[in-house]
Structure formats: C-alpha cells, structure tokens
Amino acid sequence: MFVSASTEKLSRPRDEEIIIDPSHGYRIIVFVSAFTVLSKLVICKECKKQIRFGETASYDLGFELLVQCKCGVNYINSSPVIDRAYEINRRILFVMRMLGVGEEGINLFCGLMDLCQGISNCLYYAALENIHTGAKAVFDLMTQKVLEEEKIKYAEHWNPMSEITISGDGT
C-alpha cells in the first residue's frame with residue numbers, strides 16, 4: 001500500500017508530542033454556591049477562624065479569588081497567568097476561532113452563559129497576535145526539522161542535495 005511521505009511522518013511517534021496532565025482541566029461552577037458551602041466547611045490553619053471567599057480584579061474570564069480570614073487576605077488566580085494574561089481568556093479565544101466564532105460570537109456566548117461581560121477588544125487582538133506568533137514558531141521549527149530529516153534521507157541514498165524535490169497542496 002502506498003503511503004505519502006507526509007502521512008508516514010505524521011503517523012510516526014515523535015519526540016514533540018505533548019503530554020497531557022489528566023488532573024488539569026477547566027470546569028464551569030456557580031461561584032457563589034460553591035464557595036458559600038466551602039466557607040462553611042473550612043477554617044484557617046493559622047487562626048482557626050472562618051474563611052470568606054470573594055472575587056476581585058476581574059479580567060474578562062479570568063479573575064483573582066480572594067481568600068480572607070482574621071490573619072489577612074490571600075489571592076489566587078482563577079487560571080494560570082501567562083505573560084500577564086489569564087490562560088482562560090486565550091483558551092476561549094483560540095477554541096472559538098477554531099470553531100469559526102469571532103469576537104462578537106465569544107461575547108454573545110459569555111453573555112448568554114452569564115460568564116462575564118465578554119472579552120475586551122484589546123485582549124482579543126493581543127491574544128490573536130500571540131496565537132499567530134506561537135503557530136508561526138511551531139511551523140518554522142517543524143519545517144526546519146522536516147528539511148533536516150529529508151537531507152539525511154537523501155544523503156543515505158547517495159542523492160545530491162541539489163536534487164531535493166518538494167511538492168505541496170497549499171495546506
């Protein structure tokens with residue numbers, strides 16, 4: 001059976017594979033319900049007093065969780081922060097773009113789900129730029145790696161490097 005070189009390369013195990021941590025994942029919860037119950041169940045390890053939860057510093061879908069007791073206040077990011085931006089904001093933008101949904105669709109979705117006011121125009125275009133930069137870097141890296149593999153294969157068969165033929169379908 002004939003298999004194209006591209007298919008063969010894609011089907012091989014690669015050292016670039018990403019290992020996914022099954023313990024990491026996002027969930028949609030009703031903030032007030034979940035944290036009201038938690039605040040009744042937990043006490044501060046230091047002062048042994050009740051803990052109060054709140055939300056502060058909302059940035060689109062990301063926010064800081066406020067944890068307060070007699071000892072003081074602590075803040076927890078609602079999702080990882082990458083380069084001063086909440087990952088959840090980039091993630092929803094990326095996924096919605098993959099589904100063909102743009103900025104207005106994301107904001108409509110967020111509004112209908114009562115998640116937040118939507119994402120800001122500034123965040124939208126900054127995240128698009130980050131996605132483009134990342135995709136381009138991966139493309140450039142993989143293109144270079146494939147070229148090096150082809151050079152090695154050609155050298156194994158005694159073919160001169162000047163006779164490498166490249167074809168593509170535009171994807």
Provide the full list of side-chain hydrogen bond (donor to acceptor under 3.5 Å, both in side chains) pairs with a residue in residues 47-66, sequence neighbours left out, each pair given once. Arg52-Gln68
Applied to residues 91-115, the side-chain hydrogen bond (donor to acceptor under 3.5 Å, both in side chains) test, sequence neighbours excluded, yields Glu87-Arg91, Arg97-Tyr124, Glu103-Asn121
Should Ile76 and Ile82 be regarded as members of a common hydrophobic cluster, given that ILVMFWY residues are connected when their side-chain heavy atoms come within less than 4.5 Å of each other, either directly or indirectly? no
Are Phe94 and Tyr125 joined in one hydrophobic group, where the rule is that I, L, V, M, F, W and Y side chains link up if heavy atoms are under 4.5 Å apart? yes
Between Ile92 and Asn89, the two heavy atoms sitting closest are CG2-O, 3.3 Å
What pairs of donor and acceptor atoms, side-chain ones from residues 32-40 against any protein atom, are under 3.5 angstrom apart with sequence neighbours left out?
| residue | atom | partner | partner atom | Å |
| --- | --- | --- | --- | --- |
| Thr36 | OG1 | Val32 | O | 2.5 |
| Ser39 | OG | Phe35 | O | 3.3 |
| Ser39 | OG | Thr36 | O | 2.8 |

How far does SG of Cys69 sit from CD1 of Ile51, to the nearest 0.5 angstrom? 6.0 Å
Distance from Met113 atom CE to Leu61 atom CG, nearest 0.5 Å? 10.5 Å
Close side-chain approach of Asp83 and Arg90, heavy atoms under 4.5 Å: yes
Treating Ile, Leu, Val, Met, Phe, Trp and Tyr as nodes and any side-chain heavy-atom pair under 4.5 angstrom as an edge, say whether Met96 and Ile28 lie in one connected cluster. yes
For Tyr75, which fellow cluster members are found when Ile, Leu, Val, Met, Phe, Trp and Tyr are connected by side-chain heavy-atom distances below 4.5 angstrom, either directly or through intermediates? Leu66, Val73
Measure the spacing between CZ of Phe63 and CD1 of Ile88 and express it to the nearest 0.5 Å. 10.0 Å
So, taking the atom named CG in Leu115 and the one named CZ in Phe31, what distance separates them when rounded to the nearest 0.5 Å? 14.0 Å
Going by the rule side-chain contact (heavy atoms from CB on, under 4.5 Å), which residues pair with Leu112 if we only count those two or more places apart in sequence or in a different chain? Leu108
Common cluster, Tyr26/Ile119, ILVMFWY with side-chain heavy-atom separation under 4.5 Å: yes
Considering only distance and modelled atom types, tabulate donor-acceptor pairs under 3.5 Å from the side chains of residues 127-134, sequence neighbours left out.
| residue | atom | partner | partner atom | Å |
| --- | --- | --- | --- | --- |
| Asn130 | ND2 | Ala126 | O | 3.4 |
| Thr133 | OG1 | Glu129 | O | 2.9 |

Give a yes or no on whether Phe53 atom CZ has more than 12 heavy-atom contacts from other residues, nucleotides or ligands under 6.0 Å away. yes
